[in-house]
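Written below as structure tokens is the structure these notes are about.
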Amino acid sequence: MTGPAVSVQEIPFSHHGSWFDVSPVIAQNVRADDLHLVSHQTGMHPILRFTPTAGGAPVRTTVEATPSRLGWAGDGGRVDLAYEGADTIRLRGRGLGLRVGAAEPELTPFSGTYLYRDPVDGAHVFTAYETGRRYRVTVLSGRAEDAVGVQRLGRGERGLLLTGDGERWEAAIEEFDSARRPYAPSAAFDEVVAAVEREFAAFADAVAPWRSARTPAAELAAYVLWSATVRPAGFLRRPAVLMSKHWMDKVWSWDHCFNALALAAGAPELAWDQFHLVFDHQDDTGGLPDSVTHSEVLYNFVKPPIHGWALRRLRERLPGDLDPSQLSLAYRRIEAWTNFWLTARRAPGESLPHYQHGNDSGWDNATTFDPDHVIQTSDLAAFLILQMRELAGLAAELGRADDAAGWRRAADRMHADLLEQLWTGERFVARAVGSGRTWGGSSLLDLMAIVLGEHLPPDLRSVLAGRIEAHLTPYGLASELPTSDHYRADGYWRGPIWAPSTVLIEDGLRRGGRADLADEVSDRFRALCERSGFAENFDALTGAGLRDRAYTWTASAYLILAEAYERRRAAGS
């Protein structure tokens, strides 16, 4: 097998466009002994359980995988699995059988999996209430035997054994809606594997052509993005890179920006889709949803307005510039998003906008929000200042000179208000809306205004850089000062290292003239990913991966920083 090794304990085995994966992870922080076919339509649901067998009995095996093939090996035989397409997997065994069973033993009128034998083509079909889809098992060679639970209602095992009595056997499993013509293979098994190898190699070469021995995790990072992409379905109207094909199987309204940036140079159409995914659900006030997934759109919170910053970085990375229709669309959507903050999130008499909860900031439980939750913060103002400056530039390109001037004035006013109201001369403080009470803290969130980079006064930049440096551990930027009483190793935003804060701060430091510190931030985060993979976040003092272990914005952050590193090195040579 060729391509990077994929540990299915950490990263789901899947295919570009598919809504299901093969993984032992069947729920949040739950790992089964067997690999499962896990669907992400209508949520995360384990549908089928795969158990290798010898002589009909379960057998211990070793699992190995690359982007094109997953294999179980043991007891003198093996079973291989490959994706023939986004909704079809092929199976081949020799010396081992494979029991395919329903993951859930209970069938009720509203939940569970029903198994029947289709008299049209003889295939066995599992129908799942949780996803509303069918999963058809077609034997290509060998046979299916020991079928149990066929047409069974209520509780009980349902499944069948794929075997060949020591000879090679093959089968296919398809996911579809109500019906489909009898299955016919498109190619031999080895040809299916070779086709996926070529497909993934082309993707990796497109998004990371610069990779080298100095950036050893780039190809695996590309696989995380490639395999977490789903085809349009449900509320996702474009091809979408989910945050993970583990339990974080949504698109949150700032995560998508980092995936767009990582894809921009090599997959510009996919990148443009990522940027606009959540804007497809922008409401009448201009607000964006908190998250979008196959079967739900949530508006109970929002996420920070980094989209102006992201569009500027995106345009720098795209191989060609945006055409007038794309510029106009981006302008309209970001203008409405900005006006949401300037109207719905500015209290009467206040010039600075506010968050209503830590979730709005993306830093859900950061200590900045301990004294109060409805607060004005420096990061929010900074993001909006950059967003309004981007709107000014877009308006000028579109020939809207008056609008451009208006957005420049608005950005200048907010910049002045930020420094006057939240900068003490030594630090940025947060302020409660209503009482006006202010406080400083030990969260990295309080330093995120460094994203303004060159727009900040040099002395202020210097102070922020010094405070940021205090958060720098051997592995990267801790989200809470490690010496703080509130620091927690696995405290979510109260200690661990995160990808988005790393990318935003690195960019602000570099634009603000602190390339030395930016280099250090980049170097340590890249080394962390090379050591610990692409976890949702990381223990800041040990470097251990935490939470969801196959998070796309972490992989994207690695690709963004690794590419910039390689280009700086090339420019300096």
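Residues take their numbers from the sequence shown, with the count starting at 1. For clarity, every value in this text was computed on a predicted model and none was experimentally measured.
Looking at heavy atoms from C-beta onward, His16 lies in side-chain contact with Leu270 at the 4.5 angstrom threshold. Here the side chains of Glu536 and Leu546 are not in contact, with every heavy-atom distance at 4.5 Å or above. At least one side-chain heavy atom of Ile89 sits less than 4.5 Å from a side-chain heavy atom of Phe20. The shortest distance between side-chain heavy atoms of Val38 and Val25 does not fall below 4.5 Å. Using a 4.5 Å cut-off on side-chain heavy atoms (C-beta onward), Ser291 and Ser253 make no contact. For the pair Leu298 and Pro289, the minimum side-chain heavy-atom distance is 4.5 Å or more. With contacts defined as side-chain heavy-atom distances shorter than 4.5 Å, the pair Arg510/Arg568 qualifies.
Looking at residues two or more places apart in sequence or on another chain, you find a salt bridge (Lys or Arg N to Asp or Glu O under 4.0 Å) between Asp523 and Arg526. Remark: Arg333 engages Asp280 in a salt bridge (Lys or Arg N to Asp or Glu O under 4.0 Å) (not counting sequence neighbours). The ring-ring contact (aromatic ring centres under 6.0 Å, His included) search around Phe538 returns none, not counting sequence neighbours. Residues passing the ring-ring contact (aromatic ring centres under 6.0 Å, His included) test with His45: none are found, sequence neighbours excluded. Qualifying ring-ring contact (aromatic ring centres under 6.0 Å, His included) partners for Phe126, counting only residues two or more places apart in sequence or in other chains: none. In this structure Glu469 satisfies the salt bridge (Lys or Arg N to Asp or Glu O under 4.0 Å) test with no other residue, sequence neighbours excluded. Scanning for ring-ring contact (aromatic ring centres under 6.0 Å, His included) contacts around Phe275 gives Phe279, with sequence neighbours left out. Residues meeting the salt bridge (Lys or Arg N to Asp or Glu O under 4.0 Å) test with Asp255, sequence neighbours left out: none.
When all heavy atoms are compared, the tightest approach of Ala540 to Ile497 is CA-CD1, 3.7 Å. Closest of all the heavy-atom pairs between Arg211 and Ala204 is NH1-O, 3.1 Å. Nearest heavy atoms, Leu261 versus Leu314: CD2-N, 3.3 Å. Nearest approach of Arg549 to His246, heavy atoms of both residues: N-ND1, 4.1 Å. Contact detail for Ile468 and Leu447: the closest heavy-atom pair is N-CD1, 3.7 Å. When every heavy atom of Val224 is checked against every heavy atom of Ala550, the shortest pair comes out as CG1-O, 4.1 Å.
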Taking only distance into account, with no hydrogens and no angle test, what donor-acceptor pairs under 3.5 Å do side-chain atoms of residues 553-562 form with protein atoms, sequence neighbours excluded?
{"from": "Thr554", "atom 1": "OG1", "to": "Ala535", "atom 2": "O", "distance (Å)": "2.7"}
{"from": "Ser556", "atom 1": "OG", "to": "Asn259", "atom 2": "OD1", "distance (Å)": "2.6"}
{"from": "Ser556", "atom 1": "OG", "to": "Thr552", "atom 2": "O", "distance (Å)": "3.2"}
{"from": "Tyr558", "atom 1": "OH", "to": "Ala217", "atom 2": "N", "distance (Å)": "3.3"}
{"from": "Tyr558", "atom 1": "OH", "to": "Glu530", "atom 2": "OE2", "distance (Å)": "2.6"}

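For the side chain to side chain contact (heavy atoms under 4.5 Å, CB included) criterion with Arg99, the lone passing option out of Thr51, Leu162, Asp34 is Thr51. With respect to Leu386, the side chain to side chain contact (heavy atoms under 4.5 Å, CB included) criterion is satisfied by exactly one of Val451, Leu391, Leu311: Val451. Looking at Arg90, Arg92, Arg94 one by one, the single match for salt bridge (Lys or Arg N to Asp or Glu O under 4.0 Å) with Glu170 turns out to be Arg90.
Rounding to the nearest 0.5 Å places OG of Ser68 at 4.0 Å from CD of Glu197. A distance of 11.5 Å separates CG in Leu322 from OG in Ser328, rounded to the nearest 0.5 Å.
Between the side chain of Arg238 and the backbone N or O of Pro232 there is no donor-acceptor pair closer than 3.5 Å.
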Exercise. Given side-chain contact (heavy atoms from CB on, under 4.5 Å), test Thr88 with Ile173 step by step and report yes or no.
Key: CA-CA 6 Å; Thr88 302; Ile173 301 178; over 6 Å; no
Quiz item: salt bridge (charged side-chain N to carboxylate O under 4.0 Å, His left out) between Asp87 and Arg180: does it pass, once the steps are laid out?
Solution: CA-CA 12 Å; Asp87 61 9; Arg180 181 178 282 187; 2.7 Å; yes
Practice problem: Mind running side-chain contact (heavy atoms from CB on, under 4.5 Å) on Tyr135 and Glu174 for me, showing each step along the way? | Solution: CA-CA 5 Å; Tyr135 302 84; Glu174 304 162 89; over 6 Å; no
Quiz prompt | CA sep, side-chain torsions, deciding dist, call: Val251, Val241, side-chain contact (heavy atoms from CB on, under 4.5 Å) | solution = CA-CA 7 Å; Val251 177; Val241 181; over 6 Å; no
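In this structure, a donor-acceptor pair under 3.5 Å is present between the side chains of Trp337 and His307. Residues Glu84 and Ser186 bring a donor and an acceptor atom of their side chains to less than 3.5 Å of each other. Side-chain polar atoms of Glu175 and Gln41 form a donor-acceptor pair below 3.5 angstrom. A donor-acceptor pair shorter than 3.5 Å can be found between the side chains of Glu566 and Ser212.
For residues 490-514, the pairs satisfying ring pair (Phe, Tyr, Trp, His ring centres under 6.0 Å) are Trp363-Trp493, Tyr492-Trp498, Trp493-Trp498, with sequence neighbours left out. The side-chain hydrogen bond (donor to acceptor under 3.5 Å, both in side chains) analysis of residues 311-322, with sequence neighbours excluded, yields the pairs Arg312-Glu390, Arg313-Glu316, Arg315-Asp321, Arg315-Glu397, Arg317-Glu563. Among residue pairs with one or both ends in residues 22-44, none qualify as ring pair (Phe, Tyr, Trp, His ring centres under 6.0 Å); sequence neighbours excluded.
Between Trp19 and His294, the ring planes are perpendicular. Angles over 60° get that label, and only those under 30° would be called parallel.
Ring to ring, Trp252 and His256 are not that close: their centroids are 6.0 angstrom or more apart. Side-chain rings of Tyr83 and Phe13 approach one another, their centers coming within less than 6.0 Å.
Using a cutoff of 4.0 Å between basic side-chain nitrogens and carboxylate oxygens, Asp507 and Arg511 are scored as salt-bridged.
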